[in-house]
Amino acid sequence: MRAIVISEPGGPDVLTWTEQPDPRPGPGEVLLDVAATAVNRADLLQRQGVYPPPPGVTEVPGLECSGVVAELGEGVTGLAVGDEVCALLAGGGYAERVVVPAGQVLPVPAGVDLVTAASLPEVACTVWSNVVLTAGLVTDELLLVHGGAGGIGTHAIQVGKALGARVAVTAGSAERLERCAALGAEVLVNYKEQDFVEEVRSATDGRGADVVLDNMGAKYLPGNVSVLARNGRLVIIGMQGGVKGELNVGALLGKCGSVTATTLRNRPLDEKAAIVGEVVTQLWPLVEAGTVQPVVHEVLPVERVADAHRAMADGGVFGKLVLRMP
Ligand SMILES: NC(=O)c1ccc[n+]([C@@H]2O[C@H](COP(=O)([O-])OP(=O)(O)OC[C@H]3O[C@@H](n4cnc5c(N)ncnc54)[C@H](OP(=O)(O)O)[C@@H]3O)[C@@H](O)[C@H]2O)c1
């Protein structure tokens, strides 16, 4: 098969399309012929050499894909050769073939084409596991989504809305905020010009956010704790604003708040399978009804992966970037 490999840690040009040995499915695994993959911020970090794959996982980047089942490993049931699927991966999606544990394979939701389906597994599993399974967002609560115009953000807005919550977002321009509003966001904060704590408080009569989905980490920790409503839940999924911040425990306990930080990639297989199972039973019906839609900025041929990495690093991508296999 051919795959994108990282010839050495560095800029986008180290991504090289080259011949690689075909992977073989072990017990409980599935071999997929990949139709498309999608770019995640973690791929940029892996390319730079600061986010290596977990032990035992291929060095080929790519945390999600769509494709067709080519072979079943021993003991796999419920799937058949020829099934069109998408998958949550620990790596290996930037390739013509990939092996994935069967528990991380999802059907392509009805009404979504195979290439577009590559944009869904990461955002679906991240948003559902954090906003619903961890933070327990319910109807009439306020969900604050930082980075509302990104891949995760555009999905989180729609999931929040579908659950009957009000959604507030931060984004870096008026144009991006307008597009978030079109997806269902009601409280729009330009993080370059406005203070999200003030804006969310004033939009909620001082109450604040019940759930915050945060991509910034350290930089936003004080503001996020401050903006939490009573019994509020802050879920941190990114470190774009650094890793070490100061937590005001007094402010947190005064409002009975909680702070959680999670990752998907390094979770044990049974936890990932449980999340995937919830996504298929709870979220896929919303996708199939069109209530939650994939948001794809652009589909590029995989040979243009370097352009895709540059575009994500430069900002301005709304939703997901998909890479189509030849
Ligand atoms: N823990 C996990 O399991 C997990 C899984 C998937 C993703 N993630 C993380 O989640 C984050 C979002 O992922 P993604 O795929 O959606 O990436 P993305 O599409 O590149 O989106 C990143 C977003 O960050 C926003 N941003 C930049 N500076 C900001 C600031 N000061 N305040 C608020 N927002 C700011 C950008 O907003 P503008 O473009 O509007 O400026 C952009 O929308 C990343 O940090 C990623 O690593 C974590």
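Every number for a ligand or one of its atoms is a count from 1 in the order of the listing. Hydrogens, waters and symmetry mates are skipped; everything else that's a heavy atom, side chains included, is used.
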Show the short N or O contacts, below 3.5 Å, that ligand 1 makes with protein N or O atoms; if there are none, say 'none'.
from	atom 1	to	atom 2	distance (Å)
ligand 1	1 (N)	I237	O	3.0
ligand 1	1 (N)	T262	O	2.8
ligand 1	3 (O)	L264	N	3.0
ligand 1	16 (O)	G151	N	3.0
ligand 1	16 (O)	I152	N	2.8
ligand 1	19 (O)	G151	N	2.9
ligand 1	20 (O)	R41	NE	2.5
ligand 1	20 (O)	R41	NH2	3.0
ligand 1	24 (O)	N215	ND2	3.0
ligand 1	24 (O)	Q240	NE2	3.1
ligand 1	28 (N)	Y191	OH	3.4
ligand 1	31 (N)	Y220	OH	3.1
ligand 1	32 (N)	Y220	OH	2.5
ligand 1	39 (O)	R176	NE	3.1
ligand 1	39 (O)	R176	NH2	2.7
ligand 1	40 (O)	G172	N	2.8
ligand 1	40 (O)	R176	NE	2.9
ligand 1	41 (O)	Y191	OH	2.4
ligand 1	43 (O)	G150	N	3.1
ligand 1	45 (O)	Q240	OE1	2.7

message = Can you classify the ring geometry of F196 versus H146 as parallel (below 30°), tilted (30 to 60°) or perpendicular (above 60°)?
response = perpendicular
ask   = Is there a salt bridge (Lys or Arg N to Asp or Glu O under 4.0 Å) between R166 and D210 once you walk through the steps?
value = CA-CA 10 Å; R166 290 181 72 201; D210 300 288; over 6 Å; no
remark   = The reported gap from CG in L221 to NZ in K244 (rounded to nearest 0.5 angstrom) is 14.0 Å
message = Would you say that L72 contacts P25 through its side chain, given a criterion of any heavy-atom pair below 4.5 Å between the two side chains?
response = no
query = Can you find a side-chain donor-acceptor pair between T154 and R179 that sits under 3.5 Å?
reply = no
message = Check R24 with E71, please: is the shortest side-chain N to carboxylate O separation under 4.0 Å?
response = yes
